[in-house]
Amino acid sequence: MAEERRQKQCSVTLPTESMKAMAESVGVGQLQEESCVALSEEVSYRIKEIAQDALKFMHHGKRRKLTTSDIDNALKLKNVEPLYGFQSQEFIPFRFASGGGRELHFYEEKEVDLSDIINTPLPRVPLDVSLKAHWLSIEGVQPSIPENPPPATKEQQKTESTEPLKVVKPGQEEEGAIQGKGQGATAPDGKGKEKGLIRLKPRSTHELSVEQQLYYKEITEACVGSCEAKRAEALQSIATDPGLYQMLPRFSTFISEGVRVNVVQNNLALLIYLMRMVKALMDNPTLYLEKYLHELIPAVVTCIVSKQLCLRPDVDNHWALRDFAARLMAQCCKTFSTTTNNIQSRITKTLTKSWLDEKTQWTARYGCIAGLAELGPDVIKTLILPRLAVEGSRIKAVMEGSVISNIDKIGAEHVQSLLLKHCASVIAKIRPQPDTVEQYRTDYGYLGPMLCSHVIKARTQAALQAQQVNRTTLTITQPRPTLSVSQSGLSGSGGPRTPSIIKVPSSLTLMSPRPGTPSQPSPPATKYIVMGTSAGTASTQQVITLSSSQSASPVTSTVPSGTSTLQPLVKVESGGGPGLTASRPMQKYIVVSLPPSASSSLEPKSTVLSTSVSSTPLDTGIKLERSESPGVSTQSPH
Amino acid sequence: MAAVQGGMVDEKEEVDIKTEPQSDGFVNTNATDGRQLSPSPGSSSSAGSSKTAAGAPEDQQTLLAVLQFLRKNKLTESVEILRREAGLPEDALDSKGVDCGAPGSGGSAGGVDGLDAGSLLSRVTVSSSAGTPAPTKAVADDQPDVSVVLSAYSQQGDPALYKVYYSDLKKFIESVLDCHRAELSQVFYPLFVHMYLELVYNNHESEAKAFFQKFSGDQECYYEDDLRVLSSLTKKEHMRGNETLLDFRTSKFVLRISRDSYQLLKRHLQERQNNQIWNIIQEHLYIDIFDGMPRSKSQIDAMSGSLAGEAKREANKAKVYYGLLKEPEIELPLDDEDEEAENEEGKPKKKKPKKDSMGSKSKKQDPNAPSQNRIPLPELKDSDKLDKIMYMKEATKRIRLGPENLPSICFYTFLNAYQGLTAVDFTDDSSLIAGGFADSTVRVWSVTPKKLRKVKSAADLNLIDKESDDVLERIMDEKTASESKVLYGHSGPVYGISFSPDRNYLLSSSEDGTVRLWSLLTFTCLVGYKGHNYPVWDTQFSPYGYYFVSGGHDRVARLWATDHYQPLRIFAGHLADVTCTRFHPNSNYVATGSSDRTIRLWDVLTGNCVRIFTGHKGPIHTLAFSPNGKFLASGATDGRVLLWDIGHGLMVSELKGHTDTIYALRFSRDGEILASGSMDNTVRLWNAAKAFDDLETDDFTAATGHIHLQDNSPELLLGTYMSKSTPVIHLHFTRRNLLLAAGSYAA
């Protein structure tokens, strides 16, 4: 390895083509090949020399990153005029392009109109340097305050849960590693044995400080309480606060017990709240939930497949909860499934088993399919597609039979739309064109024709998307759509705390930005604009909330609205998957979705709008669909 | 103060003359003379190595050889001195010179006979003195130093054979007994470097590359940085002006090898007639031969790693007065109020005896301390005395630290510094913090409720009643009070910063090549000390004020006095940037750490280097003296803290644990605890007292410098405290032993 690297060090020189290009740029037309070689060697050497000097400046600047100013200083050392105008504190976004077997890194320089710069308002003056003191340690003990890092890092929690024998006290982990390294192969045996004898897992006490107890109480109350704004804040706190490690067991129990009780009582709202808590816990970058999965997974699975989740199954949108929980489950599987715990395969087995059971009700059936479908196209391909025909006949029996109750009918409809939604995109990928209805009918039975139209739509949409992307070169895929806004600065350190995004007056919105799912080929970023008109309330505000994970803080503008009876509410959410909206009566939602580049969403009555909504640069097609459409998770029961 | 300066210079000269006749100084002088006068450095190496190698009978031969050399170079005065010192008769040289010349010439002709060290030496002497190649000399005369240095490489060998030579030697060393192998393996790296350079110098580029690729993987990992520099150097033209290369050439790589191992190596090379390697060893290596057990691999590894090998043993022999200076006797009005308080409680006499014992202790002169006026120190002012009294008061309230009693740590985070914080310092009484920033500014904060105020303008000062008691208070301008002040003046990142002990001045050193002195009364710049011309990495005030030291990219450290715009001393010797500078608590010595991975201790009085410590594997970024002046701690980019015994010139302990560059080190006020702060966002506390107690100080270790380091870092580590993505760049113990740490939050 080291050998290889050194070899590389030895041989790296600039290509002679670069020399030619540079010579041309300064007006030297024809450069001999030999001179090019000589020049490139010389230039490479000088560049290496300068880079080595620049490193010195980096070290003395007490930084880990080499900056352009370091290079400038190194040039100054050599009495070379530094390059002016290339100041950049952070990294320079080099773009990468390849083609024709050549790789190219280039710096994208945009032409900027000077008047634009002049006319833009000045940015806020950056905050001045300030000094803040806190206790890093009090008589040898590190107090757990926001200024100090959490007692156990995510990695530690991970090793602790996956390799319980390796448990080390926080703060001593490196030491152990170094010790091993320092002694090499000579002596670790002795110490290892010694440790092996006393390697009983220490019983850890879980005492919460008074503040923590208070926090726990506040958070849990807010999470299941009635005030949505408070809940949003609480969830935000759960998703970002670095010091929750100690409280994790309590939260886990709270959720598991809560689900147990509320499933029996069919309290849909509370179940949703609890699932959102699970979501927030999973989003917290400092927590590693592995140890608590035995409590969380049953709770989540309950919310996916339970026979009844609400008091009025014919009216309430418990389907949304199932979808949401299914996505949580999928996220769980992706994050925590290992070869030892086999979560994914166990879940898959359980879900398949109950799906295959003839006696399973439509609600549970829906949950099973949703749970499986969320696990990714591979699972869809291997488990769902083969059973499409069987499922189709069952749906047919319900739809066309007359004796069956309304509840079953609704269930069957939902299952049908769910299957169409998930399968179409997969089929579009694996099935060669053309799509003929007959072929589909023979292959997939009752669902065939509908599937066919969905697949066709998915294909055209993908093509359209590709075209648009080419035309505008606007990337809509965003790296990691999250609800929470990145937490900046030391919490409580005076840095401005960004407000939480969710500002939903009098409506209950369940948003599930799908986490970065690498195995999911369809890009996760779909933009939804949820327009709701509620006639019941007399508020005179139009709230436009735009959130995009690229910008650090959401843009929120509040405009007084002229009419007093309407409360239009426009939300642009950047999040994968269909926005899941369970709502109170008396509200109408129009979901305008911006499809991502591939065909992940597939809805029937969509029309392409070319208007840009509010201030977002949405050049891509906007699909508008009515809330009655069965494929969407939004419902507006009256 | 000018008088002070003059006095110092005189003393220095005097000492210079005194040291000249000593054998150490003598050899050194000759070595340099030799290098200047003749381009073949072989002679001086032989003089050096023979001296250490010499037994009783060989001693005389050595002396004779040296005499011969001196005479050849017409250094008659030195000849006289040497002869007088050695007690040799006038004719000894003439008669014996021929004797030792004869086998010598035979040796150089045949080159194969198994000679003992003495005759080998004389062979070298003769051949080098007789065979100084005329053409090289001609080149040397009219060309600058660099080409002289490089020309030594001009000797031609068959480039294709280099690989054979090297792998031949490798095979040999791998086949010798285990006890010798580790020692002889040291030869690999310098040989590799010089052979590679020779190939490059003689324009065998492809052979050089092949040679590098074949053998660079064998070298110890801690030489990787240097190898990287070497690998980019593939043409003769590159060699001119490459500093790393010059370091290899101008300074001999020092190896310590036991006599047995050395004999083995020599015999092998002579049997094989491996002149190429033998020449390199003679010309570019300094082999410090010792009698006794060969060292083990771990012993060697502990000491190696520097740019130019280990320190020569003589380099650390000079006596260092590491003791503390006697504290001036100050009438302590200390207990006035305390005693009153105690009187009220009815326990009047409790503190008296304690105070007496303290006083008597400080009255006794430490045998290892330099004389009080060894270097002239500024007189104590009234305000200094007041401060001393404050100090003593605080000291009585100091917490005694220990493994069971760890200090509390207060962390000062610089927010919104945008990664621009480059240096921090606290005043000794912990009332002020100064930060140096990459945007060329220096900022000073007050961390006590007392705000920072400027002195009133001259016109306003005239109005003040100068006789009043609170005149010091009256001169301050209340309108300018604020918690922090910004000092503008530098034109580059500020890399070093230091408060004067009396808190009236602040020093800052910057990339722009200057050191600036700021007044903390007017908050203006008073002086810009120019001299370094290159970035100045660090600066520090003497613990007694007045003097300060600075070190920078120009590889020298300079000692300044605040009232002189030119340096009083220039400490030259490091082979790469001087990255950090520290004053010894007694102000008589200065320690400097460098990118050449060595630490040097310099005598402020004479300007001589009195200690060279090697063992770090990366550039050194911080140093700290223990409060009693006996020990030095150093931290480097390799993430290790090394502890050194100054008196014996030995490494005492190695503290492993940090995973990134260590930027801050500090001993607690009583020296029990060592705190280290690093780029890896942690503060670690180490049991310094235990580390020093474990020290083996038997005569053998002290004499040979071969230490057995125990790998006991985990036991010595008392605590690790992680900050939240805030690299720790400065540490400070308050007078009551509260640890303050500082760093800037990296978002």
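Order of the sequence lines sets the chain letters (A, B, ...), proteins ahead of strands, with each chain counted from 1. Because the structure is a prediction, the values reported are computed rather than measured.
- Heavy atoms of B:E205 lying under 4.5 Å from chain A belong exclusively to its side chain.
- Interface residue A:E139: backbone and side-chain heavy atoms are both found under 4.5 Å from chain B.
- Summarising the geometry, atom NE2 belonging to B:H621 is positioned 8.0 Å from atom NZ belonging to A:K62; distances are rounded to the nearest 0.5 Å.
- Between B:V447 and A:L131, the closest side-chain pair of non-hydrogen atoms falls below 4.5 Å.
- Ring geometry for B:W537 against A:F57 counts as perpendicular: the plane angle is over 60°, on a 0 to 90° scale with 30° as the lower cut.
- The minimum heavy-atom distance linking A:N73 with B:P493 is given by the pair ND2-CG, 4.2 Å.
- Only the side chain of A:E49 comes within contact range of chain B, with at least one heavy atom under 4.5 Å from a heavy atom of that chain.
- Listed for the B:Y721 side chain is a donor-acceptor partner under 3.5 Å among the backbone atoms of A:G140.
- Heavy-atom minimum distance, A:A133 versus B:C410: CB-SG, 4.0 Å.
- The choice from B:P535, B:P727, B:S484, B:G435 that makes the most heavy-atom pairs within less than 4.5 Å of chain A is B:P535.
- A:W135 and B:I409 make their closest contact through CE3-O, 3.3 Å (heavy atoms, listed as atom of the first residue, atom of the second, distance).
- Considering only heavy-atom pairs separated by less than 4.5 Å from chain A, the leading option among B:N681, B:D660, B:V683, B:L740 is B:D660.
- The CG atom of A:L77 lies 7.0 Å from the CD atom of B:E511; values are rounded to the nearest 0.5 Å.
- Of the two parts of B:S723, the backbone and the side chain both hold a non-hydrogen atom closer than 4.5 Å to a non-hydrogen atom of chain A.
- Only the side chain of B:L738 comes within contact range of chain A, with at least one heavy atom under 4.5 Å from a heavy atom of that chain.
- For the atom pair CG of B:D577 and NZ of A:K56, the computed distance is 3.5 Å after rounding to the nearest 0.5 Å.
- Looking only at heavy-atom pairs under 4.5 Å with chain A, the residue among B:T579, B:T661, B:L401 that has the most is B:T579.
- Residue A:H59 holds its NE2 atom at 6.0 Å from OH of B:Y663, rounded to the nearest 0.5 Å.
- Judged by distance alone, the side chain of A:R64 and the main-chain N or O of B:M679 form a donor-acceptor pair under 3.5 Å.
- When the shell of 6.0 Å around CD of A:Q52 is examined, it contains more than 12 heavy atoms from other residues, nucleotides or ligands.
- Heavy-atom distances place no part of B:L718 under 4.5 Å from chain A, backbone and side chain included.
- Put simply, NE2 on B:H553 and NE2 on A:H60 are 10.0 Å apart, with the number rounded to the nearest 0.5 Å.
- Shown here is A:Y45, whose OH atom has more than 12 heavy atoms of other residues, nucleotides or ligands within 6.0 Å.
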